Amino acid sequence: MAVRGQYEELARQLSAVGAVKRGLARMLPPECPGGSAAVLALLREHGEMRISRLAELMAIDMSVTSRHVAHVAEHGWIERSSDPADKRSRILRLTPAGHDLLIDLNRRITELFVHNLSDWTDDEVGQLNTLLARLRTSFACRGPGGCAPGKHIGDCRPRPADSDNDVHTRTPV
């Protein structure tokens with residue numbers, strides 16, 4: 001286990017990641033804020049779903065999720081249709097326009113990383129990816145709101161947060 005000072009430095013470094021997140025957010029078109037991008041990316045990754053499942057995946061309140069869904073639907077990036085299993089519910093589905101927007105967002109963000117990490121080796125970028133994925137898994141399994149102690153990492157599923165957290169931290173674009 002690392003010494004306490006290393007964990008304190010890790011906390012400082014992760015706080016400084018805010019500058020990176022703000023740089024990424026600036027790359028998003030004004031009509032597609034981070035919450036909207038998150039909705040689109042999750043629909044691409046997981047396929048069509050109910051809004052309740054989307055709120056769970058985003059780990060935010062249903063009312064906040066509803067606002068994001070309304071925004072992307074107004075822009076034609078998703079469609080909402082009746083759920084055949086429960087006519088009171090809606091199924092959310094990515095549209096071709098939503099797919100095209102995600103392609104553009106991924107291109108923009110990739111170019112930003114290529115530009116800003118041009119002095120990094122492929123191995124260094126790979127190490128960062130590996131360590132960040134491991135950090136996410138550790139928090140999903142052991143952090144506040146994560147899996148109970150004793151669970152296997154593969155069994156862990158992040159639980160929704162209780163508050164309206166900043167969606168920009170979860171944008172998987």
Side-chain angles (χ1 to χ4, degrees), residues 14-117 125 128-129 132-141 143-147 156-173:
L14 288 176
S15 292
V17 168
V20 175
K21 290 175 16 184
R22 286 186 296 278
L24 291 172
R26 283 190 293 273
M27 293 302 295
L28 298 174
E31 70 275 8
C32 186
S36 297
V39 167
L40 299 175
L42 287 168
L43 286 170
R44 177 190 56 205
E45 182 179 345
H46 297 278
E48 62 184 41
M49 68 183 76
R50 289 182 177 181
I51 193 169
S52 57
R53 175 68 177 137
L54 183 62
E56 180 183 310
L57 289 169
M58 293 180 75
I60 59 174
D61 185 78
M62 185 72 117
S63 65
V64 176
T65 306
S66 294
R67 287 193 297 271
H68 292 311
V69 166
H71 180 81
V72 296
E74 288 169 10
H75 282 82
W77 299 325
I78 67 165
E79 60 185 18
R80 298 178 276 195
S81 58
S82 294
D83 183 346
D86 180 357
K87 297 293 183 196
R88 299 169 297 171
S89 296
R90 297 274 194 215
I91 297 290
L92 309 176
R93 183 176 300 110
L94 200 57
T95 65
H99 261 291
D100 291 346
L101 178 61
L102 278 171
I103 290 168
D104 180 55
L105 295 178
N106 283 330
R107 180 192 53 75
R108 290 172 184 237
I109 290 170
T110 298
E111 287 175 5
L112 180 66
F113 280 120
V114 166
H115 174 75
N116 286 301
L117 304 182
V125 174
L128 178 62
N129 287 332
L132 287 173
R134 186 173 174 192
L135 179 66
R136 275 184 76 185
T137 299
S138 292
F139 269 77
C141 292
C147 293
C156 292
R157 307 262 187 276
R159 294 185 196 152
D162 294 329
S163 63
D164 295 350
N165 291 324
D166 180 4
V167 168
H168 298 282
T169 62
R170 293 182 185 79
T171 306
V173 175

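These numbers were taken from a predicted model, which means no experiment stands behind them.
Atom CZ of Arg134 is surrounded by 12 or fewer heavy atoms from other residues, nucleotides or ligands within 6.0 Å.
What you find for Val64 and Ile60 is that their closest heavy atoms are CG1-CD1, 3.5 Å. The shortest heavy-atom contact between Pro33 and Pro30 is CD-O, 4.1 Å. Leu112 approaches Gly23 most closely through the heavy-atom pair CD2-O, 3.8 Å.
For the pair Ser89 and Ile51, the minimum side-chain heavy-atom distance is 4.5 Å or more. Annotation: side chain of Val20 is not in contact with side chain of Asn116 (no heavy-atom distance under 4.5 Å). A 4.5 Å side-chain heavy-atom check between Val72 and Leu92 finds every atom pair outside the cut-off. No side-chain heavy atom of Trp77 sits under 4.5 Å from any side-chain heavy atom of Leu102. Contact check for Leu54 versus His68: no side-chain heavy atoms found under the 4.5 Å cut-off. In this structure the side chain of Leu57 reaches within 4.5 angstrom of the side chain of Arg53, judged on heavy atoms. Using a 4.5 Å heavy-atom threshold, the side chains of Arg50 and Asp86 count as touching. Side-chain contact between Met49 and Leu43 is present, with at least one heavy-atom pair separated by less than 4.5 Å.
A donor and an acceptor atom, one from each side chain of Ser82 and Arg90, are located under 3.5 Å apart.
Paired with Ser36 under the rule side-chain contact (heavy atoms from CB on, under 4.5 Å), one option of His75, Arg67, His71 passes, and it is His71.
With rounding to the nearest 0.5 angstrom, the CD1 atom of Ile78 is 12.0 Å from the CG atom of Leu101. In this structure, the separation between OG1 on Thr95 and CG on Asp100 is 8.0 Å, given to the nearest 0.5 Å. Annotation: the span from Leu94 atom CG to Glu45 atom CD amounts to 12.5 Å, rounded to 0.5 Å. Between the CG atom in Leu24 and the CG atom in Leu105 there is a gap of 11.0 Å [rounded to 0.5 Å].
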